[in-house]
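See structure below.
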Amino acid sequence: MIKDYFLNEIETAIKKAIKDNKLGEMKEYTRGSLSTERPKNADFGDFAINVSSLARFARIAPPLIAKNILEYVEKDNNEYSVVAGFINFKAGKTLLSNAIEEIFKKDTNYGKPENVKTEKILLEYISANPTGPFHIGHGRWAAMGSVLANLLKFYGHEVYQEFYINDAGSQIQKLGRSLAIRVRQELGEDIDFPTDEIERKNFYPGDYLIPVAKEFIKKYPNEKTFEPLSDTTLKLLCDFAKDYEEKVQRDLLDNFRVHFDNFYSELSLHKSGKVEECVQKLRDSGKIYEKEGAEWFKSSEYGDDQDRVIKKADGSNTYLTADIAYHIDKLERGFDRLINIWGADHHGYVARVKASIEALGYDPNKLEVLLGQLVNLVINGNEVRMGKRKNMVTLEDLIDEVGVDATRFWMSMRNIDTTLDFDIELAKTNSDENPVFYVQYAHARACSILRNAVEEKLNTETGEKTPAPMTKAELDELINNYKAETILPTLDTAKKLILKLEEYKSMIKTSAETRQVYTICRYVQELASEFHSFYNSNRVISDDKEMMRARLALVIGVKKVLRNALNILAVNAPEKM
RNA sequence: GCGUUUGUAGCUCAGUAGAAUAGAGCGUCGCCCUCCGAAGGCGAAGGUCGCGGGUUUGACUCCCGCCAAACGCACCA
């Protein structure tokens with residue numbers, strides 16, 4: 001990376017300067033103490049290093065420090081300058097042309113970091129109840145989770161994506177009883193869900209169970225014992241509804257380009273005895289006590305703000321109990337790191353799950369929980385609160401409305417810490433107001449230029465054909481045997497674009513290391529913007545063959561980098577729009 | 001009351017690790033197609049970085065207090 005090259009040159013020069021006693025009282029320098037930054041004003045340079053922080057060791061003024069360091073720098077064809085305590089740097093033709101060459105050489109692997117520590121990661125996200133369709137909030141975790149998985153894999157990690165199915169709790173009972181009512185309605189009974197608000201909470205009154213009821217009747221035409229509801233019938237209803245909803249969820253995920261390696265059933269965790277095993281281990285190690293008929297886990301000994309019930313007075317488990325077992329199971333499967341994406345409404349759970357991991361002898365730092373703020377829908381400029389019952393817009397509705405590409409992009413484009421305003425109208429527009437189209441348009445435009453480069457042109461008035469600016473073979477030669485010096489003719493007018501293409505590498509690295517996928521969305525918009533700007537001020541196809549080849553190389557570079565980035569986002573990079 | 005997160009231009013958001021004039025997009029206003037996709041570009045206006053202290057040579061950034069918003073604070077999942 002250019003900024004690392006620059007930093008390395010300066011650090012090497014500092015060591016040499018110290019040896020010659022040119023940095024006052026400074027006797028040693030440890031690498032990494034300084035860092036590069038982007039000058040606010042581009043006139044200063046492409047990158048800058050502020051050496052003021054060395055002043056207290058050297059005991060001489062920052063400008064003099066900078067000046068003295070500069071005397072030891074191998075400048076090659078790069079430009080260095082000193083302003084106050086800053087050493088400014090402008091990349092020369094070698095670095096810039098090599099940067100473009102690297103895109104051609106590495107192609108789909110361009111930007112993959114080298115010499116980084118990689119891990120075996122289990123990434124858990126969405127993990128919804130199989131009790132109904134996904135809502136918009138799930139869409140954010142789905143998009144961000146799958147993008148993060150793609151990103152971490154590209155970085156070099158081994159990533160295993162898992163969806164935890166909450167198929168064991170009372171929610172499933174609620175689902176089964178709700179289906180019973182829908183079935184009875186379908187069979188002609190005059191019956192409805194309770195109108196009393198509190199009683200109604202024991203049901204899922206949404207319309208989505210109506211088609212499920214119809215299917216149920218087809219499969220079990222002789223099933224009539226709904227009143228009173230027998231245990232066997234209830235189980236039949238529960239299983240049927242659960243399987244049905246799971247299938248609906250999985251089909252939608254598939255369509256949304258979200259692909260899990262495993263769906264982990266909470267029920268299987270209970271059946272395997274792993275839940276009881278964990279509870280017993282906690283009892284054995286004295287981390288459990290009885291109070292008011294329930295068993296409590298001393299999570300407060302491990303940083304939680306209070307102890308938590310792990311066995312209810314009626315002997316059943318809490319949700320936490322299973323979750324503890326689940327996380328222990330993940331660790332026992334040998335993962336170096338567990339990353340969970342949870343809604344911010346679950347933040348209270350982080351401390352207790354970490355506490356349980358520690359109490360059971362594992363390293364709680366292996367668990368990294370990314371808490372995501374929720375999603376607001378904006379329709380015609382008005383915020384629509386995602387209430388649990390009213391105004392419930394499903395993820396499927398949203399995708400039908402705005403498309404997979406726009407939904408994925410919008411759901412990924414904001415910092416996970418901020419609530420996301422999803423503007424449906426904006427996500428649908430085909431103009432620069434919509435960042436997805438803006439970026440896709442840049443890609444399509446690049447493709448279009450490449451098509452024009454090898455196509456003969458027909459003059460509609462005269463009917464004459466002008467030969468293609470270059471042959472297909474010449475274009476292939478340009479791509480397959482790319483030479484670094486190809487772009488030199490356009491270096492001056494395209495520097496910003498080249499630097500932006502080069503920045504892809506550091507963007508990917510920090511994005512993966514900070515788990516912030518929105519930076520990819522931002523980057524892709526910035527690159528598109530630089531490209532549009534370049535396009536407007538530089539004619540690509542022209543009679544000047546060398547200039548044309550230079551600019552075509554950049555167009556190809558932009559196309560490759562945009563495609564790589566969009567691949568990580570799993571958003572289409574269209575050839576035409 | 002306690003905890004987590006957020007407060008930056010009219011709107012939606014960036015701002016890496018504390019530094020040189022606070023950055024984008026949208027919106028508003030003005031300009032640019034006989035020429036590769038104008039679904040684009042160029043420019044202008046627009047800011048007491050929620051408020052008040054503190055640390056520092058230097059704070060949007062770190063610390064403390066306050067104000068506002070969202071979400072939690074179950075023997076629910």
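When each of B/rG37, B/rC71, B/rA77 is scored by its nearest atom to the side-chain atoms of A/D345, the top-ranked nucleotide is B/rC71. The listed nucleotides are B/rA39, B/rA77, B/rC36; the one nearest the side chain of A/M577 is B/rA39. Distances from the side chain of A/Y319 to the nucleotides B/rC75, B/rC73, B/rA77 place B/rA77 closest. Comparing atom distances between the A/R451 side chain and each of B/rU5, B/rG37, B/rC75 picks out B/rG37 as nearest. Checking B/rU4, B/rU12, B/rG37 against the side-chain heavy atoms of A/H347 singles out B/rU4 as nearest. With B/rC73, B/rA77, B/rG37 as the candidates, the nucleotide lying closest to the side chain of A/Y349 is B/rA77.
Taking the P atom of each, B/rC49 and B/rU21 are spaced 15 Å apart, rounded to whole Å. Taking the C1' atom of each, B/rG30 and B/rU48 are spaced 30 Å apart, rounded to whole Å. Here the separation of B/rC29 from B/rC71, taken at their C1' atoms, is 41 Å to the nearest Å. Rounded to the nearest Å, the gap between the P atom of B/rG47 and that of B/rC42 is 23 Å. Distance check on atom P: B/rA9 versus B/rC75 gives 42 Å, rounded to whole Å. When the P atom is compared between B/rU8 and B/rC62, the two are found 16 Å apart, to the nearest whole Å. B/rG27 and B/rC33: their C1' atoms are spaced 24 Å apart (whole Å). To the nearest whole angstrom, the two C1' atoms, one in B/rA14 and one in B/rU61, are 14 Å apart.
Residue-level contact check: A/R308 touches neither bases nor backbone, having no heavy atom under 4.0 Å from any strand. Counting non-hydrogen atoms under 4.0 angstrom, A/A294 reaches a base of the nucleic acid. Contacts of A/A168 with the nucleic acid, taken as non-hydrogen atoms under 4.0 Å apart, are absent. A/N452 comes within contact range of the sugar-phosphate backbone alone, with a heavy-atom separation under 4.0 Å but no base atom that close. The residue A/Q440 sits apart from the nucleic acid: no heavy atom pair falls under 4.0 Å. The residue A/T321 sits apart from the nucleic acid: no heavy atom pair falls under 4.0 Å. Nucleic acid contact for A/K311: none, since no nucleic acid atom lies under 4.0 Å from a heavy atom of the residue. Within 4.0 Å (heavy atoms only), A/N88 reaches at least one base atom of the nucleic acid. Backbone-only contact: A/N415 has heavy atoms under 4.0 Å from sugar-phosphate atoms and none from a base. In this structure, A/A48 reaches the bases: a heavy-atom distance under 4.0 Å links it to at least one base atom across the strands shown.
For A/Q171 and A/N166, the side-chain atoms include no donor-acceptor pair closer than 3.5 Å. For the residue pair A/N572 / A/H443, no side-chain donor-acceptor distance below 3.5 Å is found, with atom types taken as modelled. There is no side-chain donor-acceptor pair under 3.5 Å between A/Y264 and A/E124. A donor and an acceptor atom, one from each side chain of A/K274 and A/Y326, are nowhere located under 3.5 Å apart.
Between A/W410 and A/F422, the gap from one ring centroid to the other is short of 6.0 Å.
Rounded to whole Å, the distance from CG on A/L371 to P on B/rA70 is 19 Å. What separates CZ of A/R352 from C1' of B/rC73 is a distance of 8 Å, to the nearest Å. A/L320 places its CG atom 10 Å from the P atom of B/rA77, with the value rounded to the nearest Å.
A cation-pi arrangement is present between A/K174 and A/Y204 under the rule of less than 6.0 angstrom and at most 45 degrees off the ring axis. No cation-pi contact links A/R445 to A/F531, judged by a cut-off of 6.0 Å to the six-membered ring centre and 45° from its axis.
For RNA chain B, the neighbouring residues in residues 497-528 of chain A, judged by any heavy atom under 4.0 Å, are A/Y518, A/R522. Using a 4.0 Å cut-off on heavy atoms, the residues of residues 529-539 of chain A that approach RNA chain B are A/H532, A/S533, A/Y535, A/N536, A/N538, A/R539, listed by number.
Here A/D46 does not pair with A/K3 in a salt bridge; the nearest charged N to carboxylate O distance is not below 4.0 Å. Between A/D196 and A/R200 there is no salt bridge, since no side-chain N of the basic residue sits under 4.0 Å from a carboxylate O of the acidic one.
Judged by distance alone with a 3.5 Å cut-off, no donor-acceptor contact links the side chain of A/D43 to the base of B/rA20. With hydrogens and angles left out, the side chain of A/H346 and the base of B/rG72 share no donor-acceptor pair within 3.5 Å.
Of the inter-residue distances, the one linking A/R551 atom CZ with A/L497 atom CG reads 11.5 Å to the nearest 0.5 angstrom.
Aromatic ring pairs are classed by plane angle as parallel below 30°, tilted from 30° to 60° and perpendicular above 60°; the pair A/Y349 and A/Y319 is perpendicular.
At least one side-chain heavy atom of A/M144 sits under 4.5 Å from a side-chain heavy atom of A/I416.
More than 90° away from 0 lies the glycosidic angle of B/rC11, which makes this nucleotide anti.
Residue A/R445 has a polar side-chain atom (N or O) positioned under 4.0 Å from OP1 or OP2 of B/rA38.
Where A/A344 and A/R38 meet RNA chain B, the nucleotide closest to each residue was compared, and A/R38 sits on the side nearer the 5' end. Comparing A/P39 and A/Q171 against RNA chain B, the residue whose closest nucleotide sits nearer the 5' end is A/P39.
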Kindly indicate, with the supporting measurements, whether the criterion ring-ring contact (aromatic ring centres under 6.0 Å, His included) is fulfilled by A/Y523 and A/Y504. CA-CA 8 Å; A/Y523 173 81; A/Y504 183 69; 5.5 Å; yes
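Lacking a ring centre under 5.5 Å from that of the base six-membered ring together with a plane angle below 30°, A/Y441 does not count as stacked on B/rG40.
Nucleotide B/rA59 forms no Watson-Crick or G-U wobble pair with any nucleotide shown, as no partner meets the under 3.5 Å limit on both distances.
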